[in-house]
Structures are given as structure tokens and as C-alpha cells.
A.B. asks: 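Here it is: the structure, laid out below.
Every chain is numbered from 1 and lettered A, B, ... according to where its sequence line falls, protein lines coming before strand lines.
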There are 2 protein chains.
Amino acid sequence: MQSGQSSAGPVGRGAKVRAAVHAATLAELVDKGYAALTVENVAQRAGVHKTTVYRRWKDRESLLVDALAEHMAMDIPVPDTGAIETDLGALARSLVQAFTGATGQAVLAAMFTGAAHLPEIAAARRHVFEDRLVRAEPVVTRAVERGELPADTDPAELLKTLAAPIYLRLLVTADPVDETTADLAVHVTLAAARAGALRAASRLPEQTTS
Amino acid sequence: MQSGQSSAGPVGRGAKVRAAVHAATLAELVDKGYAALTVENVAQRAGVHKTTVYRRWKDRESLLVDALAEHMAMDIPVPDTGAIETDLGALARSLVQAFTGATGQAVLAAMFTGAAHLPEIAAARRHVFEDRLVRAEPVVTRAVERGELPADTDPAELLKTLAAPIYLRLLVTADPVDETTADLAVHVTLAAARAGALRAASRLPEQTTS
């Protein structure tokens with residue numbers, strides 16, 4: 001009963017309230033950051049009563065976790081351009097776009113800094129990453145089928161290699177992150193993959209299989 | 001006057017107090033985490049009076065920033081084994097070691113989660129990373145001189161490529177981080193570098209220089 005098809009009945013209204021409260025939560029994050037996030041301000045911005053919010057979410061933390069999870073689960077187009085280079089380029093650019101701009105920066109700050117101490121946020125972060133990874137794996141398997149990459153290329157390792165330099169800049173170095181970052185990530189990932197450095201078996205190059 | 005050679009005079013005592021308080025701060029972080037860190041507990045563990053701590057650090061935040069910065073600045077041996085693969089392996093393993101084990105995990109959690117909202121911590125994080133990068137650059141320039149890597153390999157890009165998959169696992173995916181992670185990072189980085197994907201000029205592959 002959480003998502004409604006109709007916009008008329010109580011289910012439709014429930015879905016509308018959820019969407020409005022989620023949007024208001026993100027807007028409050030963008031404007032004021034996690035530390036200043038209150039259920040009161042979110043309710044006011046969403047145009048609903050505070051008790052309406054508390055009926056669905058027990059506190060600001062669960063509201064935030066829910067809004068972030070919903071936001072992160074959205075719009076993950078998995079590209080299928082027919083070539084690995086353009087597919088990876090699209091994936092890398094969508095990751096860059098997800099965490100740049102006002103909303104992206106606010107979401108990043110909440111997930112990795114402001115609310116990072118909440119176990120639910122840490123879990124949501126891992127879940128979102130894992131989910132995106134699994135969804136994007138066909139990009140790699142299709143490239144292997146087309147003969148663009150070595151047959152035993154590990155999709156998860158390849159996609160982590162693609163994401164890693166972008167997250168390094170977002171979370172550690174605070175270097176600017178833009179399309180150039182995405183292009184460099186594609187370049188490095190493809191070079192490593194083509195050289196066979198991202199083969200499933202190459203994870204343990206020094207060890208014998210036993 | 002911050003670091004003393006003698007262990008007798010007031011300078012030596014000052015240095016001893018600093019070292020004891022720093023060590024106590026890290027130990028408190030390991031045992032209780034950032035949220036529970038208090039100047040009182042640190043002083044007690046260090047065997048000094050609370051006012052002794054407050055004379056040097058204005059609050060627990062500046063104490064933490066100082067202790068973390070000192071801890072992170074320590075023991076950064078820059079390897080010079082005569083071969084790029086073993087040099088990068090040593091660098092990657094020292095990064096893995098820095099953030100695993102009880103102290104490493106506590107430092108990582110404080111720097112990237114618990115105290116990540118403090119501007120001084122964000123600044124210290126960037127500074128430490130930048131400092132390590134600059135110190136390690138000779139590893140790459142020596143490899144270029146030995147003809148192991150393309151002449152125009154960008155040392156900073158190469159070292160970021162080495163660090164990126166390790167930080168991704170530490171900060172995003174929460175995958176286990178161990179020597180295998182380090183070896184894979186070396187493998188990927190060398191493949192990309194040898195294929196010319198980490199050349200200074202290749203940062204902007206699609207753009208014309210103007």
C-alpha cells in the first residue's frame with residue numbers, strides 16, 4: 001500500500017504525501033544541510049502537518065534514510081550504446097552528475113558526512129552501490145560477448161575500477177569532479193581491462209588456486 | 001618550541017605531554033569512538049590534569065585534529081626497491097595497513113565519518129592526502145627514468161589510481177581491504193600506466209589544447 005496508481009483515493013494521496021515530504025527533505029538538505037534538518041521544517045515546506053510526517057516516519061533520521069534511498073534508487077539508466085567505451089562513459093557521467101549540482105552535493109554530504117554515523121545510512125550507501133553495480137553488470141557482459149573485452153573480465157571489478165577515481169575525488173581529495181574525471185576513469189578502466197588486469201582470475205595473481 | 005630534543009627541561013616535558021595526550025586521544029578513539037571522546041577522559045588516560053590539556057588545545061575538536069594530523073603524518077616510508085611493481089606494492093600495502101587494524105579503523109571512522117563535519121578535519125584529510133602524494137611522486141619519476149613507464153606518465157594521476165580502489169572499499173562498498181586489494185590496485189594501475197592511460201596529456205583525450 002506504499003505506492004498508489006490512482007491519484008484520487010487514499011492510496012494516491014498517501015503516495016503524493018510521501019513524494020512531497022521526500023522532495024521537501026531533499027530541498028531542506030540542499031538549503032540548510034543535515035545538521036539543521038528538522039521534521040517541522042520539512043512538514044512546513046511540504047505543506048503538510050507535522051503529525052502527518054510522524055505518522056509515516058518515526059524521526060528525522062528515518063525520514064532522511066527513506067528520502068535518500070528513494071533519491072538514490074531513481075534514474076539509473078543502464079546504457080546500451082553498442083560499444084563499451086560509450087557505455088562506460090555514460091555510466092561514469094551519470095555517477096558524476098549524481099553527486100554534483102546542488103542536490104547531488106547535499107546528498108553526498110548527508111550520506112558520507114553529516115548523517116554518515118547512522119548505521120541505516122551506512123547500510124543504504126552499501127545497498128545503493130551494490131544495487132547499481134548489479135544493474136550495470138550487463139554493460140560489461142555485453143562487451144565481452146561483442147569481443148571488446150577479455151572473456152574472463154570480472155564485471156564487478158571493472159565497474160568498481162570505473163567508480164573508484166570519481167569517489168576518491170568526491171570523498172578524499174576534493175578535486176573538481178566533472179566530465180574530464182569521467183573520461184579519465186573510462187580511459188584507465190578500459191586500459192586495465194584490455195590488458196587483462198580485471199579478469200576474475202587475476203584477483204589473486206600470486207596465489208595458486210586450490 | 002613544540003618539539004624538544006632533551007627529555008629533561010620544560011621543552012622535553014612539553015613534547016612528552018603532547019605525545020602522551022596524542023596517544024591517549026587515539027586510544028580513546030579506538031575504545032569509544034569520536035562521539036564519546038572527551039577532554040576529561042583523554043586527560044585521565046594520559047595521566048595529566050584536564051587543565052594541562054586545555055592549556056594546549058582549546059577543545060576536543062582541535063585536540064582530535066592535532067592528534068589525527070600527527071598520526072597520519074607519521075611513518076610514510078617512500079619505497080625505493082628499484083622496480084615500480086614492488087614500489088607500488090609497498091605504497092598500496094602501507095595505505096591498507098594505515099586504515100586497517102584497531103587504530104586504523106578508528107582513525108578512518110573519525111576522519112571520514114564521526115568528525116567529518118569539522119572543516120579542520122576535511123582540511124587535514126586533503127592535506128594528508130596531498131602530502132603523501134607529493135612525497136611518493138619520486139616512485140613514479142624514478143620508474144620513468146628506468147624506462148618502466150611511458151615518459152609522460154603523470155605521477156599524481158598514477159598515485160590516485162593506486163589509492164582509489166582502496167578508498168572505494170574503505171569508504172563506499174565496505175568490502176574487505178587486505179593485501180589482495182593492494183595487489184589488485186597495483187595490477188590495475190600498472191596496466192593503465194603501461195597502456196598510456198595515465199599520461200599527463202591523456203587527461204583531456206577528447207579536447208584540443210588551446
Side-chain angles (χ1 to χ4, degrees), chain A residues 33-35 89 109-118 121-123 125-126 128-130 133 154 156-175 179-181 183-199 202-207, chain B residues 33-35 89 109-118 121-123 125-126 128-130 133 154 156-175 179-181 183-199 202-207:
Chain A
Y34 169 70
M111 289 190 78
F112 286 94
T113 307
H117 59 284
L118 301 174
I121 286 287
R125 226 160 55 190
R126 284 195 301 275
V128 164
F129 190 88
E130 184 62 33
L133 208 66
D154 185 320
E157 285 304 338
L158 186 146
L159 294 167
K160 287 181 193 175
T161 302
L162 184 71
I166 299 170
Y167 278 106
L168 183 83
R169 284 160 178 79
L170 289 169
L171 299 175
V172 183
T173 68
D175 287 338
E179 296 219 341
T180 304
T181 319
D183 291 344
L184 181 66
V186 173
H187 213 198
V188 165
T189 301
L190 276 180
R194 285 172 179 151
L198 295 169
R199 285 181 299 200
S202 76
R203 284 193 207 180
L204 301 163
E206 258 84 36
Q207 294 177 25
Chain B
Y34 169 71
M111 289 191 77
F112 286 94
T113 306
H117 60 284
L118 300 174
I121 287 287
R125 227 160 55 190
R126 283 195 301 275
V128 164
F129 190 88
E130 183 63 32
L133 207 65
D154 185 320
E157 286 302 339
L158 186 145
L159 294 167
K160 286 181 194 175
T161 302
L162 185 71
I166 299 169
Y167 278 107
L168 182 82
R169 283 160 178 78
L170 289 170
L171 301 175
V172 183
T173 67
D175 287 337
E179 296 219 339
T180 304
T181 319
D183 291 345
L184 180 66
V186 173
H187 213 198
V188 166
T189 302
L190 276 180
R194 285 172 179 151
L198 295 169
R199 285 180 300 200
S202 75
R203 284 193 207 180
L204 302 163
E206 259 81 38
Q207 295 178 24

A.B. asks: Which atom names give the shortest non-hydrogen contact between B:Leu158 and B:Ala193, and what distance separates them?
C.D. replies: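 Heavy atoms only, the tightest pair is CD1-CB, 3.7 Å.
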
A.B. asks: Can you tell me which portion of A:Phe112 sits under 4.5 Å from chain B's heavy atoms? Options are side chain, backbone, both or neither.
C.D. replies: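 Its backbone and side chain both get close to chain B.
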
A.B. asks: Could you tell me which portion of B:Arg194 (side chain, backbone, both or neither) has an atom closer than 4.5 angstrom to a non-hydrogen atom of chain A?
C.D. replies: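 Contact with chain A is absent: no heavy atom of B:Arg194 under 4.5 Å.
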
A.B. asks: OG1 of B:Thr189 to NE2 of B:His187: how many Å apart, nearest 0.5 Å?
C.D. replies: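 B:Thr189 atom OG1 to B:His187 atom NE2 measures 10.5 Å (nearest 0.5 Å).
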
A.B. asks: With a 4.5 Å heavy-atom cut-off, do B:Thr181 and B:Asp175 have their side chains touching?
C.D. replies: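 No, their side chains stay 4.5 Å or more apart.
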
A.B. asks: Which bit of B:Thr173 is near chain A, if near means a heavy-atom gap under 4.5 Å: side chain, backbone, both or neither?
C.D. replies: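 B:Thr173 touches chain A through backbone and side-chain heavy atoms alike.
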
A.B. asks: Check whether B:Tyr34 gets within reach of chain A through its side chain, its backbone, both or neither, counting any heavy atom under 4.5 Å.
C.D. replies: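 No part of it gets close to chain A.
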
A.B. asks: For A:Ala110 and A:Ile121, work out which heavy atoms get closest and say how close.
C.D. replies: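 Distance-wise, the nearest heavy atoms are O-CG2, 4.5 Å.
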
A.B. asks: Please find the pair of heavy atoms, one from B:Ala192 and one from A:Ala191, that lie closest to each other, and give the distance.
C.D. replies: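 That would be CA-CB, 3.9 Å.
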
A.B. asks: Looking at B:Glu130, B:Arg169, B:Glu179, which makes the most heavy-atom pairs under 4.5 Å with chain A?
C.D. replies: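 Of the candidates given, the most pairs with chain A belong to B:Arg169.
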
